[in-house]
Amino acid sequence: QVQLVESGGGLVQPGGSLRLSCAASGTSGIIFSINFMGWYRQAPGKQRELVAAITSGGSTNYADSVKGRFTISRDNAKNTVSLQMNSLKPEDTAVYYCALVGSTYKYPAIKETYWGQGTQVTVSS
């Protein structure tokens, strides 16, 4: 099974930094093509929103609320993704989820989303 394992969440003061990492495993022989990997977040009472995404070609996209503060990156193997979060604000507090969007060998024309378990980020003084 495809698994996404996240790490790096925690408690940080406003203005501080955190780096989230996500490692994908179980993709060999399963994932045909990765369209993008990214990070979503969800705060209590709010819907899940896309924070940042990076395509297999390296193109990035950021939510307006984090643009200029967060940076998403992938390693050369295209099976890990990181999110460097700087200048953190209390409103960044949420559960952050790693996601992989791609297709499988079985259904190469169908995009599927795989989710990590989520990691808590709390920004508070």
Side-chain angles (χ1 to χ4, degrees):
Q1 293 289 326
V2 175
Q3 295 183 353
L4 302 176
V5 180
E6 301 148 323
S7 62
L11 174 65
V12 65
Q13 293 185 335
S17 299
L18 283 175
R19 176 181 283 269
L20 305 182
S21 295
C22 172
S25 63
T27 61
S28 181
I30 302 297
I31 300 298
F32 169 70
S33 178
I34 298 174
N35 290 327
F36 70 87
M37 295 184 71
W39 291 90
Y40 292 73
R41 68 185 181 187
Q42 187 168 24
K46 296 185 178 180
Q47 65 181 11
R48 188 172 299 185
E49 65 173 346
L50 177 67
V51 177
I54 184 167
T55 70
S56 59
S59 298
T60 58
N61 183 256
Y62 298 92
D64 289 340
S65 60
V66 307
K67 205 164 189 175
R69 299 187 297 119
F70 291 9
T71 303
I72 190 170
S73 61
R74 297 180 65 178
D75 73 354
N76 292 332
K78 303 294 189 297
N79 64 347
T80 63
V81 62
S82 297
L83 184 69
Q84 178 65 45
M85 305 185 294
N86 298 326
S87 302
L88 283 162
K89 304 175 181 179
E91 50 263 45
D92 295 318
T93 296
V95 177
Y96 284 70
Y97 298 89
C98 179
L100 183 158
V101 177
S103 62
T104 64
Y105 285 96
K106 189 174 183 179
Y107 305 108
I110 301 176
K111 295 179 181 178
E112 301 179 45
T113 303
Y114 301 87
W115 296 97
Q117 77 284 355
T119 184
Q120 178 71 47
V121 172
T122 302
V123 184
S124 176
S125 60

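FYI, side chains are in, hydrogens and waters are out, and symmetry mates aren't considered; it's all heavy atoms of this structure.
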Work out which heavy atom in [X] is nearest to a heavy atom in [Y]; give both atom names and the distance.
X	Y	result
Lys89	Val123	O-CB, 3.2 Å
Leu100	Ala24	CD1-CB, 4.2 Å
Tyr62	Thr71	OH-CA, 3.4 Å
Arg19	Ser73	NH1-OG, 4.3 Å
Gly8	Leu18	O-CD2, 3.8 Å
Gln120	Ala94	NE2-O, 3.4 Å

Heavy-atom side-chain contact between [X] and [Y] under 4.5 Å:
X	Y	answer
Trp39	Ile54	no
Val2	Thr104	no
Ser33	Pro108	no
Ile34	Arg74	yes
Asp92	Arg41	yes
Ser103	Ile110	no
Thr93	Ser124	no

Reported [atom1]-to-[atom2] distance for the pair [X] and [Y], which is rounded to 0.5 angstrom:
X	Y	atom1	atom2	result
Met37	Cys22	CE	SG	4.5 Å
Leu20	Ser82	CG	OG	8.5 Å
Asn35	Glu112	CG	CD	11.0 Å
Asp75	Thr80	CG	OG1	3.0 Å
Thr113	Phe36	OG1	CZ	6.5 Å

Quiz item: What residues form a ring pair (Phe, Tyr, Trp, His ring centres under 6.0 Å) with Tyr107, not counting sequence neighbours?
Solution: none

Practice problem: Apply ring pair (Phe, Tyr, Trp, His ring centres under 6.0 Å) to Tyr40 and list each qualifying residue two or more places apart in sequence or on a separate chain. | Solution: Trp115

Can [Y] be reached from [X] by stepping across I, L, V, M, F, W or Y side chains whose heavy atoms are under 4.5 Å apart?
X	Y	answer
Val95	Leu83	no
Leu88	Val51	yes
Leu50	Tyr97	yes
Ile31	Val5	no

Do any N or O atoms from the side chain of [X] and from the backbone of [Y] form a donor-acceptor pair under 3.5 angstrom?
X	Y	value
Thr55	Ser59	yes
Tyr114	Gln1	no
Glu6	Gln117	yes

